[in-house]
Amino acid sequence: MFFIYKIVFLIACFSITTGWAKTITVCNTCDITSLKKAIAVAEAEDTIFIKEGTYKEFNIIVDKPLIIKGENFPVIDGEDKGEIIRITADGVTIDGLFIINVGTSYTSDHAAIRVVRSEDFLIQNVVLEKLFFGIYLEKSNNGKVYHNKIIGDAQDEYNSGNGIQLWYCKNVVVDRNIVQKTRDGIYLEFSDNITINNNISTENLRYGLHFMFSNDDVYTNNTFENNGAGVAVMFSKRIKMLNNTFHKNWGTAAFGLLLKEINDAEISGNTFEENTVGINIEGSNRITYHKNNFIRNGYAVKVLGACYTNVFENNNFLYNSFDISYNSRINDNVFVNNYWSSYTGYDLDRDGIGDIPYRPVKLFSYIVNRTPETIILMRSLFIDIIDFSEKVSPVFTPDNLVDERPKMKKIE
């Protein structure tokens, strides 16, 4: 038995003396004064510890698995010369850096941090300012972008980049980031099984979040406020959109959420408040809209056609100018058990369900869609009369678009 213990002890000692990774310190008065030099002398699994200070570097290549960690947010200043950090190895961590002055290019998408064909990466606690693209993930999988702050200064779409971009990625978590004043706050293209949670995306030129050709993604508990438009989800399948807030996305072409060619999705527990259009829908099918709040929007839901087998159930429609806008007389969607603040029916049997079905599409919304200038008549008695006549005998609006069981009280 003593012999076995001795062998175990010798193996442990050998592991300690030969297997531990080392820490390399970078500072302005150290032997190593740059991140590039630290990477050059480091071995796989080492930690590079960057002390507080300013380091003027760009085109930094991380080509081995390393932990790069900053003390009190050391500044990596790219001096507008190009890309700053490019990760090409698996198992890299970037933690606690302040990166500024990414070079602008019209031929290359320069980024503060780019991850290329890498696995198991972690980018966290990073502050990015004065950027073109912020964090750019390219054909990289099984990583996490966590608790970063990205602040751009975008003025025009043509000379600005996205805050966080994923291109051909899988199994990535984007969590607790703040993204402001970029082109698109978060952008996904050909990226599947992505989780986007607890982010705040505001004041971006185009979209707070933008999906293209990406399937099986989930985004929850995010805030999209005061963007050119909140979120655009296009040409994607099986997306879950849960418990997000879409707030004050105003403008002539603005919306909280745009759905274009989306199938088999779930939209539940979201709040759409004070947007020009809460949800703008086109060519999207088999979607469940459940327990969402539509509050003081211009249009709560605007359906532009080719939308089939969707279900709107247990949603609150509160004080919107128009609850539902439809551009077709054909309806294949179900509206049931929703609360409508403009419902004026009664509940004689006191079961909480209105005794009279509610017809949410107003004739005036049909008129405004065709002649926008007529919006100035919105509060007139004439409009109330034509809306009432259309409810009694539908001619221009879908005659079967009716909530047969409208709730009498707001759904909590």
Side-chain angles (χ1 to χ4, degrees), residues 17 19-105 108-116 118 120-138 140 143-154 161 163-164 176-182:
T17 56
W20 276 16
K22 62 181 181 296
T23 297
I24 300 169
T25 301
V26 178
C27 70
N28 290 320
T29 58
C30 297
D31 293 336
I32 297 176
T33 58
S34 72
L35 179 53
K36 276 186 179 179
K37 186 175 180 182
I39 293 169
V41 302
E43 296 178 359
E45 314 298 339
D46 282 353
T47 295
I48 297 174
F49 183 69
I50 307 174
K51 291 201 169 185
E52 187 175 1
T54 298
Y55 304 86
K56 295 185 177 182
E57 302 183 64
F58 71 105
N59 285 350
I60 301 165
I61 307 298
V62 185
D63 55 1
K64 59 194 75 170
L66 298 170
I67 297 173
I68 300 173
K69 185 174 178 60
E71 175 189 60
N72 296 328
F73 293 96
V75 176
I76 310 296
D77 184 352
E79 299 186 286
D80 297 319
K81 293 181 179 179
E83 195 157 84
I84 298 181
I85 295 177
R86 176 180 289 240
I87 297 169
T88 60
D90 296 342
V92 172
T93 293
I94 305 290
D95 186 358
L97 305 183
F98 192 150
I99 302 176
I100 62 172
N101 293 326
V102 178
T104 299
S105 171
S108 300
D109 294 336
H110 291 328
I113 301 174
R114 181 186 293 266
V115 184
V116 181
S118 299
D120 304 314
F121 56 87
L122 172 61
I123 302 170
Q124 66 179 6
N125 304 319
V126 170
V127 178
L128 308 178
E129 292 186 7
K130 298 181 180 179
L131 49 91
F132 188 47
F133 282 77
I135 299 170
Y136 196 127
L137 311 180
E138 175 183 332
S140 296
K144 188 171 185 178
V145 178
Y146 175 76
H147 198 262
N148 304 289
K149 188 171 185 178
I150 302 170
I151 303 175
D153 50 6
I164 300 172
R176 287 178 170 79
N177 301 281
I178 296 173
V179 189
Q180 299 175 345
K181 298 181 180 179
T182 64

- Item | Val115 and Ile123: CA distance, side-chain angles, deciding distance, side-chain contact (heavy atoms from CB on, under 4.5 Å) verdict | CA-CA 10 Å; Val115 184; Ile123 302 170; 3.7 Å; yes
Close side-chain approach of [X] to [Y], heavy-atom, < 4.5 Å:
| X | Y | value |
| --- | --- | --- |
| Ile84 | Ile113 | no |
| Ile178 | Ile150 | no |
| Ile48 | Ile39 | yes |
| Lys36 | Ile61 | no |
| Val127 | Phe73 | yes |

- Output all residues satisfying salt bridge (Lys or Arg N to Asp or Glu O under 4.0 Å) with Lys81, sequence neighbours left out; order by chain, then residue number. Glu79
With sequence neighbours left out, write down each residue that passes side chain to side chain donor-acceptor pair (under 3.5 Å) with [X], or none if nothing qualifies.
| X | answer |
| --- | --- |
| Thr23 | none |
| Arg86 | Glu83 |
| Asp31 | none |
| Asn148 | Asn177 |

Could you measure the distance from the [atom1] atom of [X] to the [atom2] atom of [Y]? Nearest 0.5 Å is fine.
| X | Y | atom1 | atom2 | answer |
| --- | --- | --- | --- | --- |
| Lys144 | Asp120 | NZ | CG | 13.0 Å |
| Leu131 | Tyr136 | CG | OH | 14.5 Å |
| Arg114 | Ile60 | CZ | CD1 | 14.5 Å |
| Phe98 | Thr54 | CZ | OG1 | 9.5 Å |

- Task: Show your working on side-chain contact (heavy atoms from CB on, under 4.5 Å) between Ile85 and Val62 and close with a plain yes or no.
- Result: CA-CA 7 Å; Ile85 295 177; Val62 185; 4.0 Å; yes
- Please name all residues satisfying ring-ring contact (aromatic ring centres under 6.0 Å, His included) with Phe132, sequence neighbours left out, ordered by chain then number.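 For Phe132, no residue satisfies ring-ring contact (aromatic ring centres under 6.0 Å, His included) once neighbours in sequence are set aside.
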- Partner residues of Phe121 under the ring-ring contact (aromatic ring centres under 6.0 Å, His included) criterion, sequence neighbours left out: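 Residues passing ring-ring contact (aromatic ring centres under 6.0 Å, His included) with Phe121: none at all.
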- N/O donor-acceptor pair under 3.5 Å between Ser118 side chain and Ala89 backbone: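 Yes, because the side chain of Ser118 sits within donor-acceptor range (under 3.5 Å) of the backbone of Ala89.
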- Query: Arg176 side chain to Val145 main-chain N or O, any donor-acceptor pair under 3.5 Å?
  - Reply: no
- Message: By the definition side-chain contact (heavy atoms from CB on, under 4.5 Å), identify the one residue from Ile87, Leu122, Ile67 that meets it with Ile94.
- Response: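 Testing Ile94 for a side-chain contact (heavy atoms from CB on, under 4.5 Å) against Ile87, Leu122, Ile67 leaves exactly one candidate, Ile87.
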To check you understand the geometry: which heavy-atom pair defines the closest contact between [X] and [Y], and what is its length?
| X | Y | answer |
| --- | --- | --- |
| Gly96 | Pro74 | O-CD, 3.5 Å |
| Ser140 | Val116 | OG-C, 3.6 Å |
| Ile76 | Glu57 | CG2-O, 4.2 Å |
| Gly82 | His110 | CA-CD2, 3.8 Å |
| Val26 | Thr33 | CG1-C, 3.8 Å |

Could you pull out all residues at least two apart from [X] that satisfy side-chain contact (heavy atoms from CB on, under 4.5 Å)?
| X | value |
| --- | --- |
| Asp95 | Lys69, Thr93, Gln124, Asn125 |
| Ile151 | Glu129, Lys149, Gln180 |
| Cys27 | Thr29, Cys30, Lys51, Tyr55 |
| Asn101 | Asp77, Asp80, Lys130 |

- Task: Could you walk me through whether Leu66 and Glu43 pass side-chain contact (heavy atoms from CB on, under 4.5 Å), step by step?
- Result: CA-CA 8 Å; Leu66 298 170; Glu43 296 178 359; over 6 Å; no
- Task: Decide yes or no on side-chain contact (heavy atoms from CB on, under 4.5 Å) for Leu137 and Ile135, but give the supporting numbers first.
- Result: CA-CA 7 Å; Leu137 311 180; Ile135 299 170; 3.9 Å; yes
- Item | Evaluation steps, salt bridge (Lys or Arg N to Asp or Glu O under 4.0 Å), between Asp153 and Lys181 | CA-CA 6 Å; Asp153 50 6; Lys181 298 181 180 179; over 6 Å; no
- Just wondering, are more than 12 heavy atoms of other shown residues or ligands nearer than 6.0 Å to NZ in Lys56?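 For Lys56, atom NZ is not crowded (no more than 12 foreign heavy atoms under 6.0 Å).
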